[in-house]
Amino acid sequence: MPDTAPLTGEAVLEVVSPDGARRFARITQTPFMIGRGAETGNHLQLSDRRISRNCAAVVIEANRYYVEDRGQRRGLFVNGEKIDSRELQDGDAISFGLDDSYEIIFRSAKGADDDSIPQLLTRIEHITSSEPSGGLRKLNQLLEATALLHSQLPLDEVLAHMLDQSVSLTDADRGLLLEADRSGALQVKLARRSGGLRLPPESLTPSQTAIQHALKQQSPVITEDLAQADMDLQAAVSIVAQRLRAVVVIPLYAISRAKTQESMASVKRGEFLGVLYLDSRRPAAFSKLDRQILDALALEAASILDNARLVERERERQRLEQEINIARDIQQGLLPRDFREYPHLAVTGFNLPCLAVGGDYFDVFPLSDGRTAFLIADVSGKGLGAAIVTTMLQGALSGMTLGIDPARVFSHINRFLCDHSEVGRYATVFFGILDQEGHLEFINAGHPSPFLIRHGAAHEAFTEGSYPVGLVPEAQYTAVCLKLEPGDTLVLFSDGVTEAMDPDEQMFGVARLKELLTGRLECPLEQLQKCVLEAVENFARGARQADDLTLLIVRYRAAAVAASTDTDVPLSASSSSSASAAASSATPPVPAPRASAASS
């Protein structure tokens, strides 16, 4: 079989996203590749990292469609049954072994025709040879309107043509298409008069009495002569003012189809879509034949209107997705990519938002006098709101390159966020400045303590700190000093690492991370990062994660510098003799951080 062969496109895939949004993908190639991302040539791309890059394919053989498993890690399923390869029937549901991921429904043109043609023939079988020309003319108009469902015309043009056909079929003077908004209120979407002429929507006043009658009984109101109608309909102000004599009001409902045990399609009334309204100043304008054909056309009108809504929602979804993709590209572009070489440290980092954009970020940038700043931050919440705050924080903290004191910057950011409490966001931040002699000055604003790997042992050496920025207006921020030794490695992480969950909702945890880092003495930073990420992924076993995941690893690599006894204090409150003994041991204790002069 060739790599890809063009098709005429007689089948489509209805793609149902985890949030319930729907879109349609026409099968235009064989094989038609499905998977995560575009780099492997997928024609249908699914943005769920639990789905394999090479996931599935739809192939066609002898005019039959088949779906094949091409490497989905949890297996490929059709109607809940795990398969390797299976012929597709109209309505088959394809899933990926995940409860909260995508579902793909196979839709064949043949299946759609089987449903619509018998119903259409049933509705027009009343046409007799007693009026061959009129019946055939109207049948032709009905078929022409039905064909619009499969046309490639713009939706507004399709709806206008459908309304023109309704006016022509019934010999009405004018017609309206009223669409229900999200609150259920009716708004005039289109207004036409006989001859296919457009009418200004504001120039028409449809009979609200007739519309309310139809909505109350959930069935058409068709009055051939208003002089013989109910008194409340005769007395309706709009009917009297416009000298109307005939009115048709047909509520439009989406049609939902369900499979019964006998595999027969049962039709149920779905969501209310709007109203097809026609009127005339001529009595008996609507014959019985007209009304029967109009009833069939109303079903097609409902289908067209329902499809129009789906397309509009899909366009809106695509527009939002495009904007979110732009935001994602901007956010990812602001993160360090090609880490520059620093004379006294090596650094690597990784960020994976659980949504398209996230509330985590990290940064590394040089300061004056050979010092280098690095930080990791986690904004509360996820998505666009958190991403906007991360960008603001990044801009504010990068201002330290101008020589601004870190504690003053943190206090300013804290007051700014607290003063704008309507933003509803706070952030945990770990910020450090490392010089060439290994002196580390840091501020921990409520962030999980990074791990310090020294001589193969992992320590939580940065527990001292203050509140997250944007949470407590009176919070004070103080820079703390710590002396690093050559080879010391700092592992900074967001809680997306330690709070990653497996399918049983068990967390990865700090203890598991500490055990993983212990013994990593001379491990290259990229390899260390890979080990952590693989450990988290293997632990999660494909479970969907609820938080962003970020790592930043920094290693001090300057030449050995003699420890300064007046600035280094042992981590434990031991005596000076025990400190001396520890200093001579093979694995000296981690020096305790010591606060510098407080700044606020």
(request) Count the heavy atoms belonging to other residues, nucleotides or ligands that lie under 6.0 Å from CG of N538, then report whether that count exceeds 12. (result) yes
(message) Please find the pair of heavy atoms, one from D69 and one from L76, that lie closest to each other, and give the distance.
(response) OD2-N, 3.6 Å
(request) Would you indicate whether N63, at its atom CG, is surrounded by more than 12 heavy atoms from other residues, nucleotides or ligands within a distance under 6.0 Å? (result) no
(message) Are the side chains of L551 and T348 in contact, using a 4.5 Å heavy-atom criterion?
(response) no
(request) Verify whether one side chain among D378 and S494 offers a donor that lies under 3.5 Å from an acceptor in the other. (result) no
(request) Kindly say whether I105 contributes a backbone atom to a donor-acceptor pair with the side chain of E14 at under 3.5 angstrom? (result) no
(message) The criterion is ring pair (Phe, Tyr, Trp, His ring centres under 6.0 Å); which residues satisfy it with F508, sequence neighbours excluded?
(response) F539
(message) Nearest 0.5 angstrom please: Q72 CD to N54 CG, how far?
(response) 11.0 Å
(request) Show the numbers, then the answer: is there a side-chain contact (heavy atoms from CB on, under 4.5 Å) between L46 and L44? (result) CA-CA 7 Å; L46 305 176; L44 175 59; 4.1 Å; yes
(request) Please report the shortest heavy-atom distance between I553 and L525, naming the atom on each side. (result) CG2-CD2, 3.7 Å
(message) How close do R36 and R73 get, counting heavy atoms only, and between which atoms?
(response) NH2-NH2, 3.9 Å
(request) Output all residues satisfying salt bridge (Lys or Arg N to Asp or Glu O under 4.0 Å) with D100, sequence neighbours left out; order by chain, then residue number. (result) R50
(message) Tell me the closest heavy-atom pair linking A57 and M33, and the distance in Å.
(response) CB-SD, 3.8 Å
(request) Would you mind reporting whether L516 and R512 have side-chain heavy atoms less than 4.5 Å apart? (result) no
(request) Check step by step if side-chain contact (heavy atoms from CB on, under 4.5 Å) holds for F96 and I104. (result) CA-CA 9 Å; F96 306 94; I104 299 175; 3.8 Å; yes
(request) State the CG-CZ distance between D360 and F350, to the nearest 0.5 angstrom. (result) 11.5 Å
(message) Taking the side chain as everything from C-beta on, heavy atoms only, tell me whether T550 gets closer than 4.5 Å to L492.
(response) no
(request) Examine the side chains of S47 and Y102 and answer whether a donor and an acceptor come within less than 3.5 Å of each other. (result) yes
(request) Using a 4.5 Å cut-off on heavy atoms from C-beta on, say whether the side chain of V510 contacts that of E460. (result) yes
(message) Please report the interatomic distance CG(N79) to CD(Q89), rounded to the nearest 0.5 Å.
(response) 10.0 Å
(request) Indicate yes or no for a side-chain donor-acceptor contact from H447 to the backbone of F493 under 3.5 Å, with no hydrogens or angles considered. (result) yes
(request) Verify, without hydrogens or angle tests, whether N42 (side chain) and R53 (backbone) share a donor-acceptor contact under 3.5 angstrom. (result) yes
(request) Give a yes or no on whether the backbone of G71 and the side-chain of S52 come within a donor-acceptor separation of less than 3.5 Å. (result) yes
(request) Using modelled atom types only, decide if a donor and an acceptor are shared between the side chain of R425 and the backbone of S380 within a distance under 3.5 Å. (result) yes
(request) Determine whether Y277 and V188 make a side-chain contact, defined as any pair of heavy atoms from C-beta on separated by less than 4.5 Å. (result) no
(message) For D547, give me all partners under salt bridge (Lys or Arg N to Asp or Glu O under 4.0 Å), at least two apart in sequence or on another chain.
(response) none
(message) Treating D92 as the side-chain partner and F106 as the backbone partner, does any N or O pair qualify as donor plus acceptor under 3.5 Å?
(response) no
(message) Rounded to the nearest 0.5 Å, what separates atom CZ in R74 from atom SG in C55?
(response) 13.0 Å
(request) Please tell me if the side chains of D90 and R107 come closer than 4.5 Å, counting only heavy atoms from C-beta onward. (result) yes
(message) So, taking the atom named CG in L13 and the one named CZ in R26, what distance separates them when rounded to the nearest 0.5 Å?
(response) 11.0 Å
(request) Calculate, to the nearest 0.5 Å, the distance between atoms CD1 and OG belonging to I51 and S101 respectively. (result) 3.5 Å
(request) Quick one: closest heavy-atom pair of G446 and T428, and the distance? (result) O-CG2, 3.3 Å
(message) Are L549 and E537 packed together at the side-chain level, in the sense that at least one heavy-atom pair is separated by less than 4.5 angstrom?
(response) no
(message) Would I60 and I27 count as a side-chain contact (heavy atoms from CB on, under 4.5 Å) here? Give the steps.
(response) CA-CA 10 Å; I60 183 171; I27 299 175; over 6 Å; no
(request) Work out which heavy atom in V67 is nearest to a heavy atom in I83; give both atom names and the distance. (result) O-CD1, 3.9 Å
(request) Taking the side chain as every heavy atom from C-beta outward, state whether H43 and T28 have any atom pair closer than 4.5 Å. (result) no
(message) Surrounding CD of E87 (heavy atoms of other residues, nucleotides or ligands, distance under 6.0 Å), is the total greater than 12?
(response) yes
(request) Please report the C-alpha distance between V249 and L215 in whole Å, then the side-chain angles of each, then the deciding distance to 0.1 Å, and finally whether the side-chain contact (heavy atoms from CB on, under 4.5 Å) criterion is met. (result) CA-CA 9 Å; V249 181; L215 296 183; over 6 Å; no
(message) Applying the side-chain contact (heavy atoms from CB on, under 4.5 Å) criterion to L278, which one of V248, L176, I250 satisfies it?
(response) V248
(message) Are more than 12 heavy atoms, taken from residues, nucleotides or ligands other than R64, located less than 6.0 Å from that residue's CZ atom?
(response) no
(request) Evaluate whether atom CZ of F77 has more than 12 neighbouring non-hydrogen atoms of other residues, nucleotides or ligands under 6.0 angstrom away. (result) yes
